J.: 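Quick one: this structure, given as structure tokens, is what I'll be asking you about.
In this text, all values refer to a predicted model and were calculated from it rather than measured experimentally. Here, residue 1 is the first one in the sequence, and each next residue gets the next number.
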Amino acid sequence: MDSNLALALFAAAPVPETWRSLLLAGPLDIKIKPDLSWLEQNSHILYPLFAIGTIALLVMGIFMAWKSDEVSGVLKVEYKREIITILRREPGGVNVARLAKELKLTVHKTAKIVEEMVNDRQVLAQAHKGVTHVRLRF
């Protein structure tokens, strides 16, 4: 569809005259001047709000990172090495709560590391009555 036909169809359409003049004027003739006086008049309120919001986001990010259950890669390897050392001392196996106590970690973090080791086929884990018992794979 060429532009003349489109303009003819648009000219026949029932639209307000101001819209028709905007389209026919072209994009270079339209000048929009935003009214920023409200921002200038209320800057003593807006800038402190932006600062407080930014600080709140930073604090929230720090707390979320602090409470996260993820362990960094290097620490995870060290914990896995410690778990294998503990399991070599106890050939019958150990429950996850005792591993957590010896590693000085939470039970949840220790369970995640043990689950990763089970997926890597390094250890065997058996759950019985809500207690997970871990032993070395032979």
J.: Might you point out which heavy atoms bring P48 and S43 nearest each other, and give the distance in Å?
T.: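 Between these two residues, the closest heavy atoms are CD-O, 3.9 Å.
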
J.: Are any non-hydrogen side-chain atoms of Q126 and V134 less than 4.5 angstrom apart?
T.: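 Q126 vs V134: side chains apart.
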
J.: Group every Ile, Leu, Val, Met, Phe, Trp and Tyr by side-chain heavy-atom contacts under 4.5 Å, then state whether L99 and V131 land in the same group.
T.: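 Hydrophobic grouping puts L99 apart from V131.
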
J.: So which pairs with a foot in residues 121-138 pass salt bridge (Lys or Arg N to Asp or Glu O under 4.0 Å), sequence neighbours left out?
T.: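 The answer is none; no pair qualifies.
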
J.: So L136 and R88, do their side chains get closer than 4.5 Å, heavy atoms only?
T.: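 Yes, at least one pair of side-chain atoms sits under 4.5 Å.
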
J.: Is the shortest heavy-atom distance from the side chain of I113 to the side chain of L105 under 4.5 Å?
T.: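 Yes, side chains in contact.
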
J.: Side chains of H133 and H128: closer than 4.5 Å at any heavy-atom pair?
T.: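 They are not in contact (no side-chain heavy atoms under 4.5 Å apart), so the answer is no.
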
J.: Please check: side-chain N/O of N42 versus main-chain N/O of I45, any donor-acceptor pairing under 3.5 Å?
T.: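 Here the side-chain-to-backbone pair does not exist.
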
J.: Are K104 and E82 ion-paired here, with the side-chain N under 4.0 Å from a carboxylate O?
T.: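 Salt bridge flag = no for E82 with K104.
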
J.: Quick one: pull up CG in L103 and OG1 in T85 and give me the separation to the nearest 0.5 Å.
T.: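 Between L103 CG and T85 OG1, I get 9.5 Å after rounding to 0.5 Å.
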
J.: If the condition is side-chain contact (heavy atoms from CB on, under 4.5 Å), which residues does V118 pass it with, not counting sequence neighbours?
T.: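 Applying side-chain contact (heavy atoms from CB on, under 4.5 Å) to V118 gives V114, V123, A125.
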
J.: Determine, step by step, whether L87 and V94 satisfy the side chain to side chain contact (heavy atoms under 4.5 Å, CB included) criterion, reporting the C-alpha distance in whole Å, the side-chain angles of both residues, the deciding distance to 0.1 Å, and the verdict.
T.: CA-CA 7 Å; L87 291 176; V94 182; 4.1 Å; yes

J.: Residues sharing M64's hydrophobic cluster, by side-chain heavy-atom contacts under 4.5 Å among ILVMFWY, directly or via others?
T.: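 Result for M64 is L57, M60.
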
J.: If you apply the rule salt bridge (Lys or Arg N to Asp or Glu O under 4.0 Å), what do you find for K112 with E116, and how did you get there?
T.: CA-CA 6 Å; K112 276 190 156 190; E116 211 173 280; over 6 Å; no

J.: What pair of heavy atoms forms the shortest contact from T110 to T106, and how long is it?
T.: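 Closest approach of T110 to T106, heavy atoms only: OG1-O, 2.9 Å.
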
J.: Is L124 isolated, or which residues cluster with it under the ILVMFWY side-chain rule of less than 4.5 Å, directly or via members?
T.: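 Noted: L124 shares its cluster with no other residue.
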
J.: To the nearest 0.5 Å, what is the distance between CG (N95) and CD (E90)?
T.: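 N95 CG to E90 CD: 10.5 Å, rounded to 0.5 Å.
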
J.: Assess whether side chain to side chain contact (heavy atoms under 4.5 Å, CB included) is satisfied between I84 and M117, documenting all intermediate values.
T.: CA-CA 10 Å; I84 290 175; M117 292 176 76; 3.6 Å; yes

J.: Taking only residues two or more places apart in sequence or in another chain, which ones pass side-chain contact (heavy atoms from CB on, under 4.5 Å) with L46?
T.: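 Residues passing side-chain contact (heavy atoms from CB on, under 4.5 Å) with L46: W38, L39, F50.
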
J.: Sequence neighbours excluded, which residues qualify as side-chain contact (heavy atoms from CB on, under 4.5 Å) partners of V77?
T.: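 Expected list: R81.
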
